[in-house]
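Notes follow once the structure below has been shown.
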There are 2 protein chains.
Amino acid sequence: MLRADLDQIDIKILRELQADGRMTNVELAARVGISAPPCLRRVRRLEETGIIEGYRTVLNGPMLGLDLVAFCMVGLKHQSDANLKAFSAATTAWPLVRQAWLVNGDSDFLLHCVAENLTTFQNFVIEDLTANEQVDTVRTMLTIRQVKKVGLVDI
Amino acid sequence: MLRADLDQIDIKILRELQADGRMTNVELAARVGISAPPCLRRVRRLEETGIIEGYRTVLNGPMLGLDLVAFCMVGLKHQSDANLKAFSAATTAWPLVRQAWLVNGDSDFLLHCVAENLTTFQNFVIEDLTANEQVDTVRTMLTIRQVKKVGLVDI
DNA sequence: GCTGAAAAGCACAACGG
DNA sequence: CCGTTGTGCTTTTCAGC
(Lines give C-alpha, C1' and ligand atoms only; values in the text may rest on other atoms or scores of the structure.)
Protein backbone atom coordinates (compact mmCIF):
# COMPACT_ATOMS: atom_id res chain seq x y z
CA MET A 1 0.00 0.00 0.00
CA LEU A 2 1.47 3.29 -1.11
CA ARG A 3 0.32 6.84 -1.26
CA ALA A 4 -1.25 6.18 -4.65
CA ASP A 5 -3.68 3.76 -2.99
CA LEU A 6 -4.96 6.34 -0.52
CA ASP A 7 -8.05 8.35 -1.29
CA GLN A 8 -8.89 11.76 0.10
CA ILE A 9 -10.62 10.28 3.13
CA ASP A 10 -7.51 8.30 4.06
CA ILE A 11 -5.44 11.46 3.78
CA LYS A 12 -7.87 13.29 6.03
CA ILE A 13 -7.74 10.46 8.55
CA LEU A 14 -3.95 10.65 8.66
CA ARG A 15 -4.03 14.41 9.10
CA GLU A 16 -6.48 14.22 11.98
CA LEU A 17 -4.68 11.39 13.73
CA GLN A 18 -1.33 13.10 13.48
CA ALA A 19 -2.71 16.11 15.32
CA ASP A 20 -4.52 14.05 17.95
CA GLY A 21 -3.57 10.41 18.24
CA ARG A 22 -6.17 9.69 20.91
CA MET A 23 -9.19 11.02 19.09
CA THR A 24 -12.09 8.57 19.36
CA ASN A 25 -13.11 6.76 16.22
CA VAL A 26 -16.56 8.35 16.37
CA GLU A 27 -15.12 11.87 16.37
CA LEU A 28 -12.62 10.94 13.68
CA ALA A 29 -15.41 9.55 11.50
CA ALA A 30 -17.44 12.74 11.95
CA ARG A 31 -14.46 14.91 11.00
CA VAL A 32 -13.69 12.99 7.83
CA GLY A 33 -17.35 12.70 6.87
CA ILE A 34 -18.09 8.96 7.02
CA SER A 35 -19.71 6.72 9.62
CA ALA A 36 -17.72 5.05 12.37
CA PRO A 37 -17.41 1.42 11.20
CA PRO A 38 -15.81 2.09 7.79
CA CYS A 39 -13.64 4.72 9.42
CA LEU A 40 -12.32 2.17 11.88
CA ARG A 41 -11.69 -0.30 9.07
CA ARG A 42 -9.65 2.31 7.25
CA VAL A 43 -7.58 3.04 10.35
CA ARG A 44 -6.92 -0.67 10.88
CA ARG A 45 -5.84 -1.06 7.26
CA LEU A 46 -3.49 1.91 7.61
CA GLU A 47 -2.03 0.29 10.72
CA GLU A 48 -1.65 -3.13 9.12
CA THR A 49 0.03 -1.84 5.99
CA GLY A 50 2.49 0.15 8.13
CA ILE A 51 1.56 3.63 6.98
CA ILE A 52 0.58 4.24 10.58
CA GLU A 53 3.70 3.15 12.45
CA GLY A 54 2.34 3.70 15.92
CA TYR A 55 0.96 6.04 18.51
CA ARG A 56 3.21 7.98 20.84
CA THR A 57 2.67 10.14 23.86
CA VAL A 58 4.82 13.29 23.79
CA LEU A 59 6.29 14.27 27.14
CA ASN A 60 7.64 17.60 28.34
CA GLY A 61 11.39 17.13 28.84
CA PRO A 62 12.14 20.06 31.18
CA MET A 63 9.32 19.05 33.54
CA LEU A 64 10.94 15.63 33.79
CA GLY A 65 14.33 17.14 34.59
CA LEU A 66 15.67 16.88 31.04
CA ASP A 67 16.96 20.36 30.33
CA LEU A 68 19.57 19.73 27.66
CA VAL A 69 19.03 18.89 24.01
CA ALA A 70 22.06 18.60 21.76
CA PHE A 71 23.11 17.27 18.39
CA CYS A 72 26.40 15.48 17.85
CA MET A 73 28.05 15.10 14.48
CA VAL A 74 30.25 12.05 14.67
CA GLY A 75 32.94 11.02 12.23
CA LEU A 76 34.28 7.46 12.29
CA LYS A 77 37.89 6.44 11.73
CA HIS A 78 36.86 4.01 9.01
CA GLN A 79 33.57 3.84 7.17
CA SER A 80 33.46 0.13 6.45
CA ASP A 81 30.10 -1.56 6.71
CA ALA A 82 31.18 -3.43 9.83
CA ASN A 83 32.20 -0.19 11.53
CA LEU A 84 28.95 1.53 10.61
CA LYS A 85 27.01 -1.39 12.04
CA ALA A 86 29.10 -1.47 15.21
CA PHE A 87 28.59 2.22 15.85
CA SER A 88 24.88 1.96 15.04
CA ALA A 89 24.58 -0.72 17.69
CA ALA A 90 26.38 1.51 20.17
CA THR A 91 23.98 4.40 19.59
CA THR A 92 21.08 2.04 20.19
CA ALA A 93 22.48 1.13 23.58
CA TRP A 94 23.01 4.72 24.77
CA PRO A 95 19.85 6.05 26.43
CA LEU A 96 20.88 9.67 25.90
CA VAL A 97 20.72 9.17 22.16
CA ARG A 98 17.11 9.45 21.10
CA GLN A 99 17.56 9.37 17.35
CA ALA A 100 20.53 8.66 15.12
CA TRP A 101 21.02 9.09 11.39
CA LEU A 102 23.67 7.89 9.02
CA VAL A 103 24.44 10.98 6.94
CA ASN A 104 26.66 12.05 4.10
CA GLY A 105 29.06 15.00 4.17
CA ASP A 106 31.72 15.94 6.71
CA SER A 107 30.59 13.54 9.40
CA ASP A 108 29.12 10.07 9.31
CA PHE A 109 26.45 10.13 12.00
CA LEU A 110 24.14 12.73 13.45
CA LEU A 111 22.90 12.02 16.97
CA HIS A 112 19.96 13.72 18.63
CA CYS A 113 20.68 13.65 22.36
CA VAL A 114 18.67 14.55 25.44
CA ALA A 115 20.22 14.79 28.90
CA GLU A 116 19.43 16.09 32.36
CA ASN A 117 22.06 18.83 32.26
CA LEU A 118 25.39 19.84 30.78
CA THR A 119 27.37 17.69 33.20
CA THR A 120 25.47 14.55 32.27
CA PHE A 121 25.88 15.33 28.61
CA GLN A 122 29.60 16.08 28.84
CA ASN A 123 30.15 12.85 30.71
CA PHE A 124 28.41 11.02 27.90
CA VAL A 125 30.52 12.75 25.24
CA ILE A 126 33.79 12.08 27.03
CA GLU A 127 33.21 8.67 28.58
CA ASP A 128 31.04 7.06 25.94
CA LEU A 129 31.19 8.84 22.64
CA THR A 130 34.81 9.90 22.18
CA ALA A 131 35.96 6.82 24.08
CA ASN A 132 34.29 4.58 21.50
CA GLU A 133 36.93 2.90 19.39
CA GLN A 134 35.10 3.60 16.12
CA VAL A 135 34.91 7.34 16.75
CA ASP A 136 37.33 9.77 15.18
CA THR A 137 35.74 13.22 15.52
CA VAL A 138 32.84 14.66 17.52
CA ARG A 139 31.32 18.08 16.95
CA THR A 140 28.53 19.17 19.23
CA MET A 141 25.69 21.67 18.81
CA LEU A 142 23.95 22.57 22.04
CA THR A 143 20.41 23.77 21.51
CA ILE A 144 19.23 27.01 23.05
CA ARG A 145 15.56 26.47 22.35
CA GLN A 146 13.28 24.69 19.93
CA VAL A 147 11.57 27.20 17.65
CA LYS A 148 9.49 24.76 15.60
CA LYS A 149 7.99 21.66 17.10
CA VAL A 150 5.68 20.10 14.59
CA GLY A 151 6.35 16.55 13.63
CA LEU A 152 3.32 16.49 11.35
CA VAL A 153 3.92 15.06 7.93
CA ASP A 154 2.58 17.45 5.34
CA ILE A 155 0.18 15.31 3.30
CA MET B 1 4.35 19.60 39.01
CA LEU B 2 7.89 18.39 38.48
CA ARG B 3 9.57 15.07 38.35
CA ALA B 4 9.98 15.14 42.12
CA ASP B 5 6.19 14.96 42.46
CA LEU B 6 5.90 11.78 40.42
CA ASP B 7 5.79 8.43 42.14
CA GLN B 8 6.77 5.10 40.65
CA ILE B 9 3.26 4.50 39.29
CA ASP B 10 3.33 7.82 37.41
CA ILE B 11 6.68 6.90 35.91
CA LYS B 12 5.31 3.54 34.81
CA ILE B 13 2.29 5.25 33.27
CA LEU B 14 4.54 7.58 31.26
CA ARG B 15 6.69 4.68 30.08
CA GLU B 16 3.70 2.69 28.92
CA LEU B 17 2.01 5.61 27.20
CA GLN B 18 5.18 6.59 25.38
CA ALA B 19 5.38 3.14 23.86
CA ASP B 20 1.66 2.96 23.01
CA GLY B 21 -0.28 6.19 23.15
CA ARG B 22 -3.59 4.56 22.27
CA MET B 23 -3.58 1.96 25.00
CA THR B 24 -6.96 1.85 26.75
CA ASN B 25 -7.12 3.08 30.29
CA VAL B 26 -8.21 -0.37 31.46
CA GLU B 27 -5.13 -2.01 29.99
CA LEU B 28 -2.87 0.77 31.24
CA ALA B 29 -4.27 0.35 34.75
CA ALA B 30 -3.63 -3.39 34.63
CA ARG B 31 -0.05 -2.87 33.48
CA VAL B 32 0.81 -0.40 36.22
CA GLY B 33 -1.01 -2.38 38.89
CA ILE B 34 -3.90 -0.17 39.98
CA SER B 35 -7.59 -0.05 39.09
CA ALA B 36 -8.87 1.98 36.19
CA PRO B 37 -10.40 5.10 37.82
CA PRO B 38 -7.33 6.21 39.80
CA CYS B 39 -5.22 5.44 36.76
CA LEU B 40 -7.35 7.72 34.61
CA ARG B 41 -7.16 10.44 37.27
CA ARG B 42 -3.37 10.24 37.15
CA VAL B 43 -3.30 10.47 33.37
CA ARG B 44 -5.59 13.52 33.46
CA ARG B 45 -3.36 15.19 36.04
CA LEU B 46 -0.29 14.50 33.90
CA GLU B 47 -2.10 16.05 30.94
CA GLU B 48 -3.28 19.11 32.88
CA THR B 49 0.12 19.85 34.36
CA GLY B 50 1.68 19.61 30.92
CA ILE B 51 4.00 16.66 31.54
CA ILE B 52 2.00 14.89 28.86
CA GLU B 53 2.11 17.36 25.97
CA GLY B 54 -0.06 15.40 23.59
CA TYR B 55 -0.63 12.26 21.58
CA ARG B 56 0.72 11.81 18.09
CA THR B 57 0.33 9.25 15.37
CA VAL B 58 3.63 8.36 13.73
CA LEU B 59 3.46 7.83 9.97
CA ASN B 60 5.83 6.02 7.64
CA GLY B 61 7.41 8.69 5.43
CA PRO B 62 8.61 6.54 2.51
CA MET B 63 5.17 4.90 2.14
CA LEU B 64 3.72 8.39 1.76
CA GLY B 65 6.25 9.34 -0.89
CA LEU B 66 8.58 11.20 1.45
CA ASP B 67 11.95 9.68 0.70
CA LEU B 68 14.31 12.43 1.76
CA VAL B 69 15.30 13.46 5.26
CA ALA B 70 17.93 16.15 5.69
CA PHE B 71 19.33 18.52 8.27
CA CYS B 72 20.27 22.10 7.45
CA MET B 73 22.64 24.17 9.54
CA VAL B 74 21.77 27.78 8.91
CA GLY B 75 23.84 30.83 9.85
CA LEU B 76 22.20 34.25 9.88
CA LYS B 77 23.83 37.48 8.76
CA HIS B 78 23.03 39.14 12.07
CA GLN B 79 21.99 37.48 15.30
CA SER B 80 19.84 40.24 16.75
CA ASP B 81 16.71 39.19 18.57
CA ALA B 82 14.52 40.60 15.79
CA ASN B 83 16.37 38.58 13.18
CA LEU B 84 16.15 35.40 15.21
CA LYS B 85 12.42 35.91 15.58
CA ALA B 86 11.95 36.68 11.90
CA PHE B 87 13.77 33.54 10.85
CA SER B 88 11.93 31.46 13.45
CA ALA B 89 8.66 32.62 11.91
CA ALA B 90 9.92 31.68 8.46
CA THR B 91 10.74 28.14 9.57
CA THR B 92 7.24 27.80 10.99
CA ALA B 93 5.74 28.67 7.62
CA TRP B 94 7.82 26.19 5.60
CA PRO B 95 6.10 22.79 5.52
CA LEU B 96 9.32 20.96 4.68
CA VAL B 97 10.77 22.01 8.02
CA ARG B 98 9.46 19.63 10.63
CA GLN B 99 11.54 20.79 13.58
CA ALA B 100 13.86 23.73 14.13
CA TRP B 101 16.28 24.54 16.91
CA LEU B 102 18.17 27.65 17.82
CA VAL B 103 21.67 26.37 18.54
CA ASN B 104 25.06 27.67 19.60
CA GLY B 105 28.28 27.10 17.70
CA ASP B 106 29.15 27.66 14.05
CA SER B 107 25.57 28.05 12.85
CA ASP B 108 22.51 29.60 14.41
CA PHE B 109 19.70 27.22 13.46
CA LEU B 110 19.40 23.53 12.85
CA LEU B 111 16.48 22.48 10.67
CA HIS B 112 15.11 18.97 10.39
CA CYS B 113 13.59 18.70 6.92
CA VAL B 114 11.51 16.06 5.15
CA ALA B 115 10.79 16.18 1.42
CA GLU B 116 9.51 13.98 -1.36
CA ASN B 117 12.82 13.76 -3.17
CA LEU B 118 16.10 15.53 -3.81
CA THR B 119 14.59 17.88 -6.37
CA THR B 120 11.92 19.11 -3.99
CA PHE B 121 14.49 19.59 -1.28
CA GLN B 122 16.97 21.45 -3.50
CA ASN B 123 14.21 23.75 -4.67
CA PHE B 124 13.43 24.52 -1.05
CA VAL B 125 17.08 25.22 -0.23
CA ILE B 126 17.60 27.48 -3.23
CA GLU B 127 14.25 29.23 -3.53
CA ASP B 128 13.28 29.53 0.12
CA LEU B 129 16.20 29.03 2.43
CA THR B 130 19.17 30.74 0.80
CA ALA B 131 16.83 33.33 -0.73
CA ASN B 132 15.71 34.40 2.75
CA GLU B 133 17.14 37.82 3.55
CA GLN B 134 18.21 36.78 7.06
CA VAL B 135 20.24 33.83 5.85
CA ASP B 136 24.01 33.99 5.44
CA THR B 137 25.21 30.37 5.22
CA VAL B 138 23.52 27.01 4.69
CA ARG B 139 25.18 23.66 5.19
CA THR B 140 23.20 20.54 4.45
CA MET B 141 23.46 16.98 5.69
CA LEU B 142 21.46 14.48 3.68
CA THR B 143 20.55 11.39 5.63
CA ILE B 144 21.24 7.94 4.25
CA ARG B 145 19.16 6.08 6.79
CA GLN B 146 17.93 6.37 10.34
CA VAL B 147 19.76 3.92 12.57
CA LYS B 148 18.01 4.74 15.85
CA LYS B 149 14.38 5.67 16.00
CA VAL B 150 13.31 5.83 19.58
CA GLY B 151 11.80 9.04 20.76
CA LEU B 152 11.14 7.55 24.18
CA VAL B 153 12.26 9.68 27.07
CA ASP B 154 14.36 7.55 29.39
CA ILE B 155 12.64 7.93 32.75
C1' DG C 1 -17.45 -0.38 -0.86
C1' DC C 2 -21.14 1.75 2.76
C1' DT C 3 -24.94 1.87 6.48
C1' DG C 4 -27.36 0.57 10.67
C1' DA C 5 -28.29 -2.06 14.70
C1' DA C 6 -26.80 -4.76 18.60
C1' DA C 7 -23.53 -6.68 22.03
C1' DA C 8 -19.43 -6.24 24.48
C1' DG C 9 -16.17 -3.31 26.52
C1' DC C 10 -14.59 1.15 28.10
C1' DA C 11 -14.64 5.89 30.16
C1' DC C 12 -15.92 8.60 33.65
C1' DA C 13 -18.44 10.35 37.68
C1' DA C 14 -20.10 9.54 42.39
C1' DC C 15 -19.52 7.59 46.60
C1' DG C 16 -17.33 5.08 50.45
C1' DG C 17 -12.99 3.22 52.78
C1' DC D 1 -4.87 8.74 48.03
C1' DC D 2 -7.37 3.94 46.30
C1' DG D 3 -11.32 0.90 45.07
C1' DT D 4 -16.25 -0.30 43.84
C1' DT D 5 -20.30 0.59 41.50
C1' DG D 6 -23.23 2.29 37.86
C1' DT D 7 -24.45 4.91 33.67
C1' DG D 8 -23.67 6.41 29.13
C1' DC D 9 -20.75 6.17 25.26
C1' DT D 10 -17.58 3.78 22.21
C1' DT D 11 -15.89 0.09 19.84
C1' DT D 12 -16.59 -3.76 17.09
C1' DT D 13 -19.05 -7.29 14.76
C1' DC D 14 -22.61 -8.81 11.78
C1' DA D 15 -26.32 -8.23 9.04
C1' DG D 16 -28.22 -6.08 4.67
C1' DC D 17 -27.83 -2.56 0.88
Side-chain angles (χ1 to χ4, degrees), chain A residues 1-66 151-153 155, chain B residues 1-60 62-66 151-155:
Chain A
M1 189 184 197
L2 293 170
R3 172 156 198 182
D5 303 316
L6 303 177
D7 63 14
Q8 278 310 110
I9 295 179
D10 290 317
I11 303 285
K12 275 190 189 174
I13 287 174
L14 294 176
R15 282 210 186 97
E16 294 290 342
L17 283 181
Q18 277 194 97
D20 179 6
R22 274 196 91 113
M23 186 182 299
T24 68
N25 183 61
V26 171
E27 187 179 345
L28 178 62
R31 284 177 183 244
V32 304
I34 60 177
S35 64
C39 184
L40 187 62
R41 277 197 294 272
R42 282 167 179 268
V43 173
R44 292 285 174 268
R45 202 182 74 228
L46 292 166
E47 289 170 353
E48 284 159 14
T49 56
I51 289 184
I52 291 180
E53 293 194 339
Y55 303 93
R56 292 259 178 78
T57 299
V58 182
L59 306 185
N60 182 303
M63 280 189 170
L64 293 166
L66 299 166
L152 302 194
V153 173
I155 51 175
Chain B
M1 189 185 196
L2 292 171
R3 172 157 196 180
D5 302 316
L6 303 177
D7 64 12
Q8 277 310 110
I9 294 179
D10 290 317
I11 303 285
K12 273 191 189 174
I13 286 174
L14 294 176
R15 283 211 187 97
E16 294 290 343
L17 283 182
Q18 278 194 97
D20 178 6
R22 269 194 96 106
M23 187 182 299
T24 67
N25 182 61
V26 170
E27 187 178 343
L28 178 62
R31 283 176 184 245
V32 304
I34 60 178
S35 65
C39 183
L40 186 62
R41 281 196 289 268
R42 283 167 179 267
V43 172
R44 291 287 173 267
R45 204 182 72 228
L46 292 167
E47 288 170 354
E48 285 160 14
T49 56
I51 289 184
I52 290 179
E53 293 192 342
Y55 302 93
R56 292 260 179 77
T57 300
V58 182
L59 306 185
N60 182 304
M63 281 190 171
L64 293 166
L66 299 165
L152 302 193
V153 173
D154 183 49
I155 51 176

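The shown structure was predicted, so the numbers you read here are calculated from the model rather than taken from an experiment.
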Euclidean distance, atom CZ of residue B/R45 to atom C1' of C/dC12 [Å, nearest integer]
17 Å

With B/N60 via side-chain hydrogen bond (donor to acceptor under 3.5 Å, both in side chains) - residues at least two apart
A/E53

Once salt bridge (charged side-chain N to carboxylate O under 4.0 Å, His left out) is applied, do any residues pair with A/R44, and if so which ones, sequence neighbours excluded?
A/E47

Gap separating the CG atom of A/L46 from the CG atom of A/L17, nearest 0.5 angstrom
8.5 Å

B/R44 side chain, from C-beta outward: closest of C/dG1, D/dT11, C/dC12:
C/dC12

Between CZ of B/R42 and CG of B/L6, what distance do you get to the nearest 0.5 Å?
9.5 Å

Side chain to side chain contact (heavy atoms under 4.5 Å, CB included) evaluation trace for B/K12 with B/I34:
CA-CA 11 Å; B/K12 273 191 189 174; B/I34 60 178; over 6 Å; no

Salt bridge (charged side-chain N to carboxylate O under 4.0 Å, His left out) involving A/R31 - partner list, sequence neighbours excluded
A/E16, A/E27

OP1 or OP2 of D/dG3 versus the side-chain N and O atoms of B/R41: is any pair under 4.0 Å?
no

When the axes are fitted on five pairs at both termini, how much does the helix from C/dG1-D/dC17 to C/dG17-D/dC1 curve, in 10° steps?
20°

DNA chain D contacts among residues 26-40 of chain A, heavy-atom distance under 4.0 Å:
A/V26, A/P37, A/L40

With a non-hydrogen cut-off below 4.0 angstrom, is B/R42 in contact with a base, only sugar-phosphate, or nothing?
sugar-phosphate

A/N25 atom CG is separated from C/dG9 atom P, nearest whole Å, by 18 Å

Rounded distance in Å - CE (B/M23) to C1' (C/dA11)
16 Å

Over how many whole Å does the gap from B/Q8 atom CD to D/dC1 atom C1' extend?
17 Å

Could you walk me through whether A/L64 and B/I51 pass the side chain to side chain contact (heavy atoms under 4.5 Å, CB included) check?
CA-CA 7 Å; A/L64 293 166; B/I51 289 184; 4.1 Å; yes

For the side chain of B/R22 and the backbone of A/G54, is there at least one donor-acceptor N/O pair under 3.5 Å apart?
no

